[in-house]
Structure formats: structure tokens, C-alpha cells
Engineer: 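Structure below; questions to follow.
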Amino acid sequence: MTLLDAPQRTYTHRQVLEILSGLLLALMTSMLSTSVVGTALPTIVGDLGGQEQLSWVASATLLTMTVSTPLWGKLSDIFGRKRLFQIALGLFVAASVVAGLSQNIGMLIAARAVQGLGTGGLSALTQVILGDIVPPRERGRYSGYVGAVFGISTVAGPLLGGFIVDTDWLGWRWCFYVCVPLAVVAFAVVQRVLRFDHESRDARIDWWGATTLTGGATALMLLLSFGGHEFEWNSAWTYALGALTVVLVAGAVVAERAASSPILPPRLFRNRTFVLTSIASLLVGVALFGAMIYLPQFLQIVKGMSPTESGLMTLPMVVGLFLSSIVSGRIASSTGRWKAFPAVGLVLVAIGLFLLSRLHVDSSALEIGVYITIMGAGLGMTMQMLVLAAQNASSRQDMAVSTSGVTFFRSLGGAVGVAAFGAILTNRVKDELALRLGSAGGAPALGTPEAIHGLPPQVVKAVLESYTEAMQTVFLVGVPAAVLGVVAVLFLKEVPLRGRGGPETTPDTAPGPEAGRHSRHGRHERSRV
């Protein structure tokens, strides 16, 4: 009898919390490090000398985090969850130290890229390990904590970065050092508490699939991240990267269909729940990352807030996300029903984005706080519930790859949102400034928020109005993405969350023809991880 056929080991609530404490500490540490540099970037690139490469510093982590996510889940099937989790954590710690020691912009970009590899592994494997130790019916009560940590880290990072930069005796290098002690503690906790049976396979790594999948995702991420900034959309770079993406994705389809142990098994895309939750997660990523990257810009430029103040203004979103994530997870665990939460959550995200699109120069802090609380509550009800739905519709054989797949599409959506919202913002600001200052000799060169507020009064007025109009458009464009997410969720078939002893396959999760092929190539045995 293989481990797939064997009963899943039972963990007490206390044991789950012990394991989860180490996982969440590592996850929070890595996600904080990803977002903490947002408010510190102008200071960092100014010190190292590389303003023209600022976008590379900002995008390197998101790029490697996204393209590596599908690989971590599959590799953990082969080499073990705990081992891969610790490798990811070790990569993250080493890269954080190197980033803090950086002497030039190239060294920093390289360190940030390795940080992204570690972050991708930690974010994917946290979900996978939780799926290993907790059955779907009980997973909701714990997955809410994962969603809360993800949201809190994303929002609190800029606040921490602003505080570090504004504190003279710390300096920007502590944006990277501050996470190292937490990561070391997380490593020790994981080493002590993470003990569970794992399926060990004598399987070959799908090198062709890994190469084409990561290559295609990398080409697409480069196109989305730098199109309209490093090169024009209508340029040879755009067409070359677009063509390379198509060729590599087509190669990935061929490679995955032929592989004995594919990174993303083709049968996943015959799973209706996996496909729809991936689409909805991509759209959630568009709304989440697009709004969170550009909301501080509105607060600092239009409202004249400092980096620390703009970070504090995002606390209502943290509260909304935390409470809704915990409450929705507990209700899903007690009832077994989950579909209403992402549906209602995405409606709230759409409402929040629409309300944010109505902001203007004189909007009060209370008004802004209410709007982002609504959006945070929607995100809390949505993000983890989509992962939970995908896990519930997957067999234990596919649980890791389906989890990392949904996480991959959410990160990819983030890249799409950042690129699309950034292009809209840049073009709208340029057009609005030309309209308001065209008769005065053209638009001025815009620098930091402090530099903008130091311009002549009539120019400041024009800039603030232009940014307000542009930000209204940015948030309004996010509304259709959230609405499309609602449509995707409505087409999901709600299968009640499985308990301990529930079936390991459903009509959606029955293995395809390649499953038999895998069993001939792989040998299963029980091992301690």
C-alpha cells in the first residue's frame, strides 16, 4: 500500500498550531522583506547610485518569486516538504544579508532575485504543508491565519520601511537585516516541530518542463514589468519577449504532456475547480498588488503624507483583512461551505476599488480608511478560500502542485496589475499635466513627493489634480477585474469541505491517463521528514 492509499496521520489542534507558528513566522518574514523596500527605494538607489535601475530593484523579487512557485511544490513531492522549506528559508536569509551588504546596484538586484526564490518557496510550501497536516474541513480555521499574515505583511512592509528610513540610527540596510533574526527563529521552530510522514518518490525531475515553464513565465514577467518603462510597448523588445513567451509556453505544453512526472500535470487543467480558482486568483492579484503599490503614491503625493504616515493609513486594511480572513475560515470549517466567501469578498473588493476611484484632493483620512477597510475585508474573504477550494478539489497526489499553481497565478496577476496600473498612471499624469500646464511651457520633471510639494504653488496645484485624476482612473480600471473574478467564482461547483476520512478523489480530481504511467516510473515508500 502506498502512502497515497494510507490513512492520513491525525494531528491535535496544539500540534497544528505549533507547526503553523514556524510556518507563519517564516512566511511573514519573507513577505515583509518583499514589501518593506517600497518606501525605501528612493533612498536606497540614491545611496548606491542607480536611479535608472530602480524598476529592476523593485521587480527582481516579484519576478523570481512568481516563476519559481510551480517548481517548489513539485520538488517537495520528490525531496520532502521540510527539506525544501528549510532550503527556501536558507536562501532567503543568505540573500537578505547580501542585500544589506550591497555596495552597488547590481549586487542588490542579484540579492533581491535570490530573495524572491526563497519567498516563492516559503509562500507555496506553507500552503502545501498545511494541506498535508489538516484535512480540508478543518483547514479553514487555520488558513485564515495564513491569509491574515499575507495581507498584514503586504500592508505593514511599507510602514516598517518608512519607519526604518526615517530613523537616523538605523538606515536603509536594516530593511534587509531586520528580517534575519526572525527567519533564524523560524528555522529553529520548523526544525523542532515539523515531523510528519511524507511520500518519497523515486521520480525524475521534469527538466524540460521546468525550463520551458520558468522561461515562459520569466519572458512574460519581463514584458509586463518593464514594458512602457524600460522600453516602449510598440518596440522590438515587446515583440521579441511576446514571441518568446508564446514559443516557451507552447513548449511547456508539449513537455508536460510527455513527462512522466510533470511540474504542472495536464490533468489539473481538466479540473474545473483548479482552472476557475486560478483565474479568480489571478484577478485577485491584479486588484491586490495594483492597489497596494499605487495607494501609497496617492497618499504621499496628493495628500502630502510621509512614508510612515502613508503606512499607518493602510492599517484599516490590515484590520479588515485579518478579521474577515479569520471569521470566514472558521465559518467554512464549521459548515463545510466556502463558495459564498470568495463571491462576496470579490464584490467587496470591487466596491472598495470603486470608492477609491472617487477620492480627491480634499478626501478625509476617515473616508480613505473606510474605503480601504472594505477592500481589505473582501481580500480576506477571498485569497485563502480560493486556495482551500483548489486543495479540496484535488487528490492528495496533486495537492502540492495545485496549491503552488494557484499561488503562481495570483503572483502573475500581481505582475499584470502592477504593469497595467503603472502604464495607466504614467500616461494619465502626462496627459493631465499637458492639459493643465501646456500654455505655461510644458510639464515639469517630477521627483520625490517632497520635491513635488516644493514646486511653485500653481504647478503643485496642477500636479495634485493630475495625480488625482490619474489615480481615479487606476482604481476604476481595477473594478472590472474584480467583477470578472466574481463571475469565475459563480461558475465554481461547491463541493463541501472534506473531513478526515473523506474521499481522496472527486469527479474533478480523478487521475487522468498519465497517472498510471507515473506509477510505473515511480516507487513509493514511507519516510520520516
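Just so we're clear, the structure is a prediction, and the values are computed from it rather than from any experiment.
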Engineer: For Met383 and Val284, what are the C-alpha separation, side-chain angles and deciding distance, and is it a side chain to side chain contact (heavy atoms under 4.5 Å, CB included)?
Structural biologist: CA-CA 7 Å; Met383 290 192 299; Val284 168; 3.8 Å; yes
Engineer: So which heavy atom on Phe341 is nearest to which on Ser328, and how close?
Structural biologist: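 Heavy atoms only, the tightest pair is CD2-CB, 3.5 Å.
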Engineer: So, the side chain of Ser76 versus the backbone of Arg81: is there a donor-acceptor pair under 3.5 Å, distance only?
Structural biologist: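 Such a contact is absent between Ser76 side chain and Arg81 backbone.
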Engineer: Report yes if some heavy atom in the side chain of Leu220 is under 4.5 Å from a heavy atom in the side chain of Leu412; otherwise report no.
Structural biologist: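 In contact.
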Engineer: With sequence neighbours left out, write down each residue that passes side-chain contact (heavy atoms from CB on, under 4.5 Å) with Leu283, or none if nothing qualifies.
Structural biologist: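 Listed in chain order: Ile279, Ala481, Leu484.
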Engineer: In Å and rounded to the nearest 0.5 Å, what is the CG to OG1 distance from Leu348 to Thr382?
Structural biologist: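 Rounded to the nearest 0.5 Å, the CG-OG1 separation comes out at 8.0 Å.
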Engineer: Got a second to check how far Leu379's CG is from Gln384's CD, nearest 0.5 Å?
Structural biologist: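 Taking CG in Leu379 and CD in Gln384, the distance rounds to 11.5 Å.
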Engineer: Strictly distance-based, threshold 3.5 Å: is any side-chain N or O of Gln103 a donor or acceptor partner for the main-chain N or O of Leu101?
Structural biologist: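 Side chain of Gln103 to backbone of Leu101, a donor-acceptor pair under 3.5 Å: yes, one is there.
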Engineer: Work out which heavy atom in Ala390 is nearest to a heavy atom in Thr277; give both atom names and the distance.
Structural biologist: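 Smallest interatomic distance, heavy atoms only, reads CB-OG1, 3.7 Å.
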Engineer: Between Thr61 and Arg112, is there a donor-acceptor pair closer than 3.5 Å when you use the side chain of the first and the backbone of the second?
Structural biologist: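 Looks like yes, one N/O pair under 3.5 Å.
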Engineer: What is the distance from atom CZ of Phe187 to atom CZ of Phe92, rounded to the nearest 0.5 Å?
Structural biologist: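 Spacing of CZ (Phe187) from CZ (Phe92) equals 14.0 Å.
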Engineer: Looking only at non-hydrogen atoms, find the nearest pair between Val406 and Ser281 and report the distance.
Structural biologist: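 That would be CG1-OG, 3.1 Å.
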Engineer: Does a side-chain heavy-atom distance below 4.5 Å link Ile133 with Ile19?
Structural biologist: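 SC-SC contact between Ile133 and Ile19 confirmed.
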Engineer: What are the two closest non-hydrogen atoms of Val98 and Ala111, and how far apart are they?
Structural biologist: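 Closest pair (atom of Val98, atom of Ala111, distance): CG1-CB, 3.9 Å.
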Engineer: Partners of Thr218 by side-chain contact (heavy atoms from CB on, under 4.5 Å), sequence neighbours excluded?
Structural biologist: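 By the side-chain contact (heavy atoms from CB on, under 4.5 Å) rule, Thr218 matches Leu63, Val67, Leu222.
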Engineer: Do Thr214 and Ser68 pass the side chain to side chain contact (heavy atoms under 4.5 Å, CB included) test, and can you show the C-alpha distance, the side-chain angles, and the key distance before you say yes or no?
Structural biologist: CA-CA 7 Å; Thr214 57; Ser68 67; over 6 Å; no
Engineer: Mind checking side-chain contact (heavy atoms from CB on, under 4.5 Å) for Val246 and listing every partner two or more places apart, or none if nothing turns up?
Structural biologist: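 Residues passing side-chain contact (heavy atoms from CB on, under 4.5 Å) with Val246: none at all.
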Engineer: Give every residue pair that meets the salt bridge (charged side-chain N to carboxylate O under 4.0 Å, His left out) criterion with at least one member in residues 14-28, sequence neighbours excluded.
Structural biologist: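 Residue pairs passing salt bridge (charged side-chain N to carboxylate O under 4.0 Å, His left out), neighbours aside: Arg14-Glu18.
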Engineer: Under the side-chain contact (heavy atoms from CB on, under 4.5 Å) rule, collect the residues that match up with Ala26, sequence neighbours excluded.
Structural biologist: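 Expected list: Phe85, Leu89, Leu122, Ala186.
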Engineer: Which side chain to side chain donor-acceptor pair (under 3.5 Å) pairs, counting each pair once, include a residue from residues 406-416, with sequence neighbours left out?
Structural biologist: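 Residue pairs with at least one partner in residues 406-416: there are none.
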Engineer: Leu346 vs Val489, test: side chain to side chain contact (heavy atoms under 4.5 Å, CB included). Steps then yes/no.
Structural biologist: CA-CA 9 Å; Leu346 281 164; Val489 170; 3.8 Å; yes
Engineer: Could you pull out the closest heavy-atom pair between Met381 and Met385, with the gap in Å?
Structural biologist: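 Answer, listing the atom of Met381 first, then Met385: O-CB, 3.6 Å.
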Engineer: For the atom pair OG1 (Thr64) and CG (Leu117), what is the distance rounded to the nearest 0.5 Å?
Structural biologist: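 Going from OG1 on Thr64 over to CG on Leu117, the span is 4.5 Å.
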Engineer: Identify the heavy atoms of Pro262 and Ala259 that sit nearest to each other, and give their distance.
Structural biologist: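 Reported closest heavy-atom pair: CD-O, 3.8 Å.
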Engineer: Under the side chain to side chain donor-acceptor pair (under 3.5 Å) rule, collect the residues that match up with Thr403, sequence neighbours excluded.
Structural biologist: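 If we apply the side chain to side chain donor-acceptor pair (under 3.5 Å) test to Thr403, skipping adjacent residues, the hits are Gln391.
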Engineer: Applying side chain to side chain donor-acceptor pair (under 3.5 Å) as the test, list every pair that has at least one member in residues 333-344; sequence neighbours left out.
Structural biologist: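 Sorted result for residues 333-344: empty, none.
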Engineer: Who are the side chain to side chain donor-acceptor pair (under 3.5 Å) partners of Ser402, not counting sequence neighbours?
Structural biologist: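 Here the qualifying residues are Ser394.
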Engineer: Tell me which donor-acceptor pairs under 3.5 Å the side chains of residues 172-184 have, and how far apart each pair is, sequence neighbours excluded?
Structural biologist:
| unit_1 | atom_1 | unit_2 | atom_2 | d |
| --- | --- | --- | --- | --- |
| Trp172 | NE1 | Asp47 | OD2 | 2.8 |
| Arg173 | NH1 | Gly100 | O | 2.7 |
| Arg173 | NH1 | Ser102 | O | 2.8 |
| Arg173 | NH2 | Ser102 | O | 3.1 |
| Tyr177 | OH | Gly100 | O | 3.1 |

Engineer: Side chain to side chain donor-acceptor pair (under 3.5 Å) with Ser96: which residues, sequence neighbours excluded?
Structural biologist: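 Gln115.
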Engineer: So Leu323 and Val319, side chain to side chain contact (heavy atoms under 4.5 Å, CB included) or not? Walk me through it.
Structural biologist: CA-CA 6 Å; Leu323 292 178; Val319 174; 3.9 Å; yes
Engineer: Taking the side chain as every heavy atom from C-beta outward, state whether Pro70 and Val401 have any pair of such atoms under 4.5 Å apart.
Structural biologist: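 Pro70 vs Val401: side chains apart.
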Engineer: Out of curiosity, Leu282 CG to Leu386 CG, how far, rounded to the nearest 0.5 Å?
Structural biologist: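 Those atoms lie 11.5 Å apart.
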Engineer: Taking only residues two or more places apart in sequence or in another chain, which ones pass side chain to side chain donor-acceptor pair (under 3.5 Å) with Gln191?
Structural biologist: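 Side chain to side chain donor-acceptor pair (under 3.5 Å) list for Gln191, sorted by chain: Gln86.
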Engineer: Kindly say whether Ala377 contributes a backbone atom to a donor-acceptor pair with the side chain of Ser324 at under 3.5 angstrom?
Structural biologist: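 Yes, because the side chain of Ser324 sits within donor-acceptor range (under 3.5 Å) of the backbone of Ala377.
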Engineer: Taking the side chain from Thr211 and the backbone from Trp208, do they hold a donor-acceptor pair closer than 3.5 Å?
Structural biologist: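 No, because the side chain of Thr211 does not come within donor-acceptor range (under 3.5 Å) of the backbone of Trp208.
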Engineer: Where the side chain of Ser325 meets the backbone of Phe322, is there a donor-acceptor pair that is under 3.5 Å apart?
Structural biologist: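 No: the side chain of Ser325 does not pair with the backbone of Phe322.
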Engineer: As an exercise, state the distance from CG of Leu84 to CG of Leu75, rounded to the nearest 0.5 Å.
Structural biologist: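 Here the rounded value is 5.5 Å.
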